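Since the structure comes first, as structure tokens, the remarks are kept for the end.
Everything numeric in this text was worked out from a predicted model, so none of it was measured. What's counted below: heavy atoms across the whole structure, side chains too, no hydrogens, waters or symmetry copies.
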Amino acid sequence: TTVAAEELTLPIKQLRQAPEENAKILFEIPISVNLLDVSADANWYKVKIAYSFGPLHYEYSGWANIQVGDIIKERQK
């Protein structure tokens with residue numbers, strides 16, 4: 001079961017030094033990475049990756065297992 005909603009689509013284009021909007025940008029990601037969906041247990045994230053190289057355009061979407069839900073549960077103990 002997943003928690004799907006259009007408002008979950010978040011563009012991810014910059015890696016920052018700290019988890020703050022004003023933090024120094026360490027790297028500008030040259031591809032589009034969007035969060036499309038999150039599983040109910042918050043451990044699986046559906047992402048879409050898109051990039052262009054000259055006239056060629058590539059898009060991939062799929063699920064990545066990132067144990068955020070488990071980490072949050074462990075920290076709350």
Side-chain angles (χ1 to χ4, degrees):
T1 301
T2 63
V3 181
E6 285 186 11
E7 62 267 15
L8 292 178
T9 300
L10 306 169
I12 303 167
K13 292 294 288 179
Q14 300 171 331
L15 295 180
R16 296 187 180 267
Q17 188 173 22
E20 303 166 356
E21 281 295 319
N22 296 329
K24 178 183 175 184
I25 296 172
L26 300 175
F27 184 70
E28 293 275 347
I29 300 170
I31 60 176
S32 171
V33 180
N34 290 52
L35 174 64
L36 301 176
D37 201 354
V38 178
S39 66
D41 67 0
N43 285 321
W44 287 88
Y45 295 81
K46 187 172 187 179
V47 294
K48 179 176 85 172
I49 298 173
Y51 63 95
S52 296
F53 184 74
L56 304 174
H57 182 75
Y58 301 93
E59 284 189 15
Y60 303 93
S61 63
W63 289 89
N65 186 350
I66 306 170
Q67 300 295 314
V68 174
D70 291 345
I71 292 167
I72 290 171
K73 286 179 192 174
E74 190 63 33
R75 285 184 179 177
Q76 290 175 343
K77 289 182 182 181

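Separating the CG atom in Leu35 from the NZ atom in Lys48 is a distance of 12.0 Å, to the nearest 0.5 Å. Distance check: Gln14 CD to Ile12 CD1 gives 11.5 Å after rounding to the nearest 0.5 Å. The OH atom of Tyr51 sits 12.5 Å away from the OG atom of Ser32 when rounded to the nearest 0.5 Å. Atom CG of Asp41 sits about 7.5 Å away from atom CD of Gln67, to the nearest 0.5 Å. If you take CD on Gln17 and CZ on Phe27, they are separated by 15.5 Å, rounding to the nearest 0.5 Å.
Counting all heavy atoms, side chain and backbone alike, His57 lies closest to Ser52 at ND1-OG, 2.7 Å. Closest approach of Ile25 and Arg16 over heavy atoms only: CG1-NH1, 3.4 Å. The two residues Val68 and Tyr45 come nearest to each other via the heavy atoms CB-OH, 3.2 Å. The two residues Pro30 and Lys13 come nearest to each other via the heavy atoms C-NZ, 4.1 Å.
No continuous path of hydrophobic side-chain contacts links Phe53 to Ile29 [ILVMFWY only; heavy atoms under 4.5 Å]. In this structure, Val33 is a member of the same hydrophobic cluster as Leu15, with clusters built from ILVMFWY side-chain heavy atoms closer than 4.5 Å. Hydrophobic clustering (side-chain heavy atoms under 4.5 Å, transitive across Ile, Leu, Val, Met, Phe, Trp, Tyr) keeps Leu36 apart from Tyr60.
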Q: Please report the C-alpha distance between Trp63 and Asp37 in whole Å, then the side-chain angles of each, then the deciding distance to 0.1 Å, and finally whether the side-chain contact (heavy atoms from CB on, under 4.5 Å) criterion is met.
A: CA-CA 9 Å; Trp63 289 89; Asp37 201 354; 3.7 Å; yes
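Judged purely by atom type and a 3.5 angstrom limit, Asn43 uses its side chain to pair as donor or acceptor with the backbone of Asp70.
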